Trainee: 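Take a look at this one; I'll ask things after.
Given the structure is predicted, the values throughout are model-derived calculations rather than measurements.
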Amino acid sequence: MIEETDFETYLNVTKNKLQIFLFDKKKSKNLYKNELKIKNEFNFIDFNKLSRFLDDNIFKIEKLSGIFIKNIFLIIESDEIFYMDIGIKKKNYENKINQKYLENTLIELKDLFTENYQDQNIMHIVINNCLINGKNYSSFIGNLNGDYLCLEINFKSIPNDLMFEFDKILEKYQIKISQYLDGNYVKKFINENDTQLSEVGHKLR
């Protein structure tokens with residue numbers, strides 16, 4: 001029997017496919033994987049098929065692991081996922097632009113997004129561009145001198161009503177969703193070496 005902390009369960013949901021993974025964090029591989037392809041002529045998720053898919057797989061995973069699943073990570077592809085780009089130029093009154101300064105700026109942007117889009121729940125905050133005194137940095141380097149910090153941020157969020165639908169289905173199994181992940185974003189990190197969604201999801205969260 002493995003310990004609960006040794007693995008994570010990932011559920012991947014699209015309108016045409018359902019997948020579930022039991023991911024071993026220590027060995028970085030799946031102990032269990034199952035997939036159901038769906039012929040769906042409509043542009044929405046079939047929650048009835050999702051419920052039956054979970055019925056078929058949750059017990060198998062719990063039997064394999066020897067413990068009950070309490071939490072799950074949900075990777076979702078849906079046209080209802082909301083994307084918003086926000087840019088900010090902020091004057092720096094401190095000597096250095098450091099990691100703490102960047103984190104505080106991101107918190108301000110997160111609060112601004114949450115205040116204006118109260119029907120959304122943030123899944124990812126992605127820094128697309130970072131400029132300090134007009135110089136572009138592909139990744140943030142701490143403790144730089146600069147009068148201004150410019151950021152281009154992309155928010156990826158899920159509507160609260162869609163979250164409610166997933167919560168309602170998983171409540172049947174006494175499972176809570178630990179985190180929502182945007183499937184299109186996760187897939188950008190899958191390479192030709194047959195990297196699994198569960199492995200990438202574990203690294204991104």
Side-chain angles (χ1 to χ4, degrees), residues 8-21 23 25 35 38 40 42-47 50 53-54 71-90 99-132 136-141 149-171 175-192 195-205:
E8 295 167 338
T9 306
Y10 288 84
L11 175 64
N12 180 43
V13 178
T14 77
K15 65 177 183 179
N16 295 315
K17 183 168 62 177
L18 302 173
Q19 292 177 302
I20 194 165
F21 308 88
F23 181 71
K25 295 189 293 183
E35 176 180 308
I38 302 170
N40 191 345
F42 304 100
N43 198 28
F44 57 81
I45 295 168
D46 190 327
F47 284 99
L50 174 59
F53 179 75
L54 291 172
N71 301 285
I72 204 166
F73 295 91
L74 179 59
I75 303 172
I76 176 174
E77 291 180 43
S78 170
D79 289 342
E80 294 187 60
I81 300 300
F82 181 65
Y83 302 95
M84 169 64 70
D85 291 317
I86 297 179
I88 185 173
K89 182 178 181 180
K90 187 175 180 182
Q99 184 71 28
K100 186 66 176 178
Y101 186 85
L102 175 65
E103 291 173 359
N104 289 338
T105 303
L106 291 176
I107 290 172
E108 291 177 20
L109 289 173
K110 180 180 178 181
D111 291 342
L112 180 65
F113 180 92
T114 302
E115 180 181 347
N116 287 276
Y117 297 95
Q118 297 182 17
D119 62 334
Q120 299 285 327
N121 188 279
I122 297 172
M123 295 190 292
H124 303 280
I125 301 176
V126 181
I127 300 177
N128 290 328
N129 205 4
C130 177
L131 288 93
I132 299 176
N136 189 11
Y137 294 88
S138 57
S139 59
F140 182 75
I141 303 174
L149 170 66
C150 299
L151 294 174
E152 294 178 6
I153 306 295
N154 177 251
F155 286 90
K156 306 175 190 299
S157 62
I158 182 172
N160 292 335
D161 56 356
L162 185 56
M163 288 177 58
F164 175 77
E165 292 295 333
F166 285 112
D167 288 339
K168 186 169 62 175
I169 284 182
L170 287 165
E171 186 179 13
I175 296 174
K176 292 184 178 181
I177 298 173
S178 297
Q179 186 176 350
Y180 289 86
L181 301 166
D182 175 27
N184 289 318
Y185 179 63
V186 172
K187 284 183 176 179
K188 289 182 180 180
F189 298 90
I190 295 179
N191 55 38
E192 296 178 355
T195 306
Q196 297 287 345
L197 274 175
S198 52
E199 181 181 350
V200 176
H202 173 70
K203 291 178 180 178
L204 288 177
R205 66 176 193 80

Trainee: To the nearest 0.5 Å, what is the distance between CG (Asn121) and NZ (Lys156)?
Mentor: 15.0 Å
Trainee: Tell me, please, which residues at least two apart from Ser157 pass side-chain contact (heavy atoms from CB on, under 4.5 Å).
Mentor: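 Ser157: side-chain contact (heavy atoms from CB on, under 4.5 Å) contacts with Phe82, Phe113, Gln120.
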Trainee: Given Phe44 and Lys15, is the side chain to side chain contact (heavy atoms under 4.5 Å, CB included) satisfied, shown in steps?
Mentor: CA-CA 6 Å; Phe44 57 81; Lys15 65 177 183 179; over 6 Å; no
Trainee: Between Phe23 and His202, how do the two ring planes meet: parallel, tilted or perpendicular, split at 30° and 60°?
Mentor: tilted
Trainee: Can you list everything that forms a side-chain contact (heavy atoms from CB on, under 4.5 Å) with Asp111? Sequence neighbours excluded, please.
Mentor: Ile107
Trainee: Any non-hydrogen side-chain atom of Leu50 less than 4.5 Å from a side-chain atom of Ile169?
Mentor: yes
Trainee: Under the side-chain contact (heavy atoms from CB on, under 4.5 Å) rule, collect the residues that match up with Glu108, sequence neighbours excluded.
Mentor: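 With neighbours one apart ignored, the set is Lys90.
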Trainee: What verdict does the side chain to side chain contact (heavy atoms under 4.5 Å, CB included) test give for Asn71 and Ile175, after you've listed the backbone C-alpha separation in whole Å, the side-chain angles of each residue and the deciding distance to 0.1 Å?
Mentor: CA-CA 5 Å; Asn71 301 285; Ile175 296 174; 5.7 Å; no
Trainee: Report the C-alpha separation of Val126 and Tyr185 in whole Å, then their side-chain angles, then the decisive distance to 0.1 Å, and conclude whether the side chain to side chain contact (heavy atoms under 4.5 Å, CB included) test is met.
Mentor: CA-CA 10 Å; Val126 181; Tyr185 179 63; 3.7 Å; yes
Trainee: To the nearest 0.5 Å, what is the distance between CG (Leu131) and CG (Leu149)?
Mentor: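 One gets 8.5 Å once the value is rounded to the nearest 0.5 Å.
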Trainee: Side chains of Tyr10 and Ile20: closer than 4.5 Å at any heavy-atom pair?
Mentor: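 In short, these two side chains do not touch, never coming nearer than 4.5 Å.
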Trainee: Report yes if some heavy atom in the side chain of Gln196 is under 4.5 Å from a heavy atom in the side chain of Phe21; otherwise report no.
Mentor: yes
Trainee: Ser78 and Ile45: which non-hydrogen atoms are nearest, and at how many Å?
Mentor: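 So the two residues come closest at CB-CD1, 4.4 Å.
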Trainee: Who pairs with Phe53 by ring pair (Phe, Tyr, Trp, His ring centres under 6.0 Å), at least two apart in sequence or on another chain?
Mentor: none
Trainee: Ignoring hydrogens, what is the shortest heavy-atom contact between Phe189 and Leu204? Give both atom names and the distance.
Mentor: CD1-CD1, 3.8 Å
Trainee: Looking at Asp46 and Ile38, would you say the former's side chain and the latter's main chain have a donor-acceptor pair under 3.5 Å?
Mentor: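 Absent.
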Trainee: Check whether the side chains of Asp119 and Asn160 place a donor and an acceptor atom closer than 3.5 Å, and report yes or no.
Mentor: no
Trainee: Evaluate the side chain to side chain contact (heavy atoms under 4.5 Å, CB included) criterion for residues Asn129 and Asn136: first the C-alpha distance (whole Å), next the side-chain angles of each, then the deciding distance (0.1 Å), finally the verdict.
Mentor: CA-CA 7 Å; Asn129 205 4; Asn136 189 11; 2.4 Å; yes
Trainee: Considering all heavy atoms of both residues, which atom of His124 and which atom of Tyr180 are nearest to each other, and what is their separation?
Mentor: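 Smallest heavy-atom distance, with atoms named: NE2-O, 4.5 Å.
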Trainee: Is the CD atom of Glu103 crowded by more than 12 outside heavy atoms at less than 6.0 Å?
Mentor: yes
Trainee: Do Val186 and Asp182 make a side-chain contact, defined as non-hydrogen atoms from C-beta onward lying under 4.5 Å apart?
Mentor: no
Trainee: Applying side-chain contact (heavy atoms from CB on, under 4.5 Å), name anything that partners Leu112, two or more places apart in sequence or on another chain.
Mentor: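 Listed in chain order: Asn116.
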Trainee: For the residue pair Gln179 and Met123, what are the closest heavy atoms and their distance?
Mentor: NE2-O, 4.4 Å
Trainee: Drop me the distance from Ile153's CD1 to Ile88's CD1, to the nearest 0.5 angstrom.
Mentor: 8.5 Å
Trainee: Taking only Lys NZ, Arg NE, NH1 and NH2, and the carboxylate oxygens of Asp or Glu, determine whether Lys187 and Glu77 approach each other closer than 4.0 Å.
Mentor: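 Yes.
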Trainee: I'd like to check Leu170 versus Lys176 (side-chain heavy atoms, cut-off strictly below 4.5 Å). Are they in contact?
Mentor: no
Trainee: Suppose we screen for salt bridge (Lys or Arg N to Asp or Glu O under 4.0 Å). Which residues come up paired with Glu165, at least two apart in sequence or across chains?
Mentor: Lys168
Trainee: Does Asn184 reach the side chain of Tyr83, with side-chain heavy atoms less than 4.5 Å apart?
Mentor: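 Yes, their side chains come closer than 4.5 Å.
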Trainee: Is there a side-chain contact between Thr14 and Ile76 (heavy atoms, below 4.5 Å)?
Mentor: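 The answer is no; the side chains never approach within 4.5 Å.
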Trainee: First locate atom CZ of Phe155, then atom CG of Asp85, and finally report the distance between them rounded to the nearest 0.5 Å.
Mentor: 10.0 Å
Trainee: What's the spacing between Ser198 OG and Asn12 CG if we round to 0.5 Å?
Mentor: 10.0 Å
Trainee: Can you tell me how far the CE atom of Met163 sits from the CG atom of Leu74, to the nearest 0.5 Å?
Mentor: 9.5 Å
Trainee: Measure the shortest side-chain to side-chain distance between Thr105 and Leu151 over non-hydrogen atoms and say whether it is less than 4.5 angstrom.
Mentor: yes
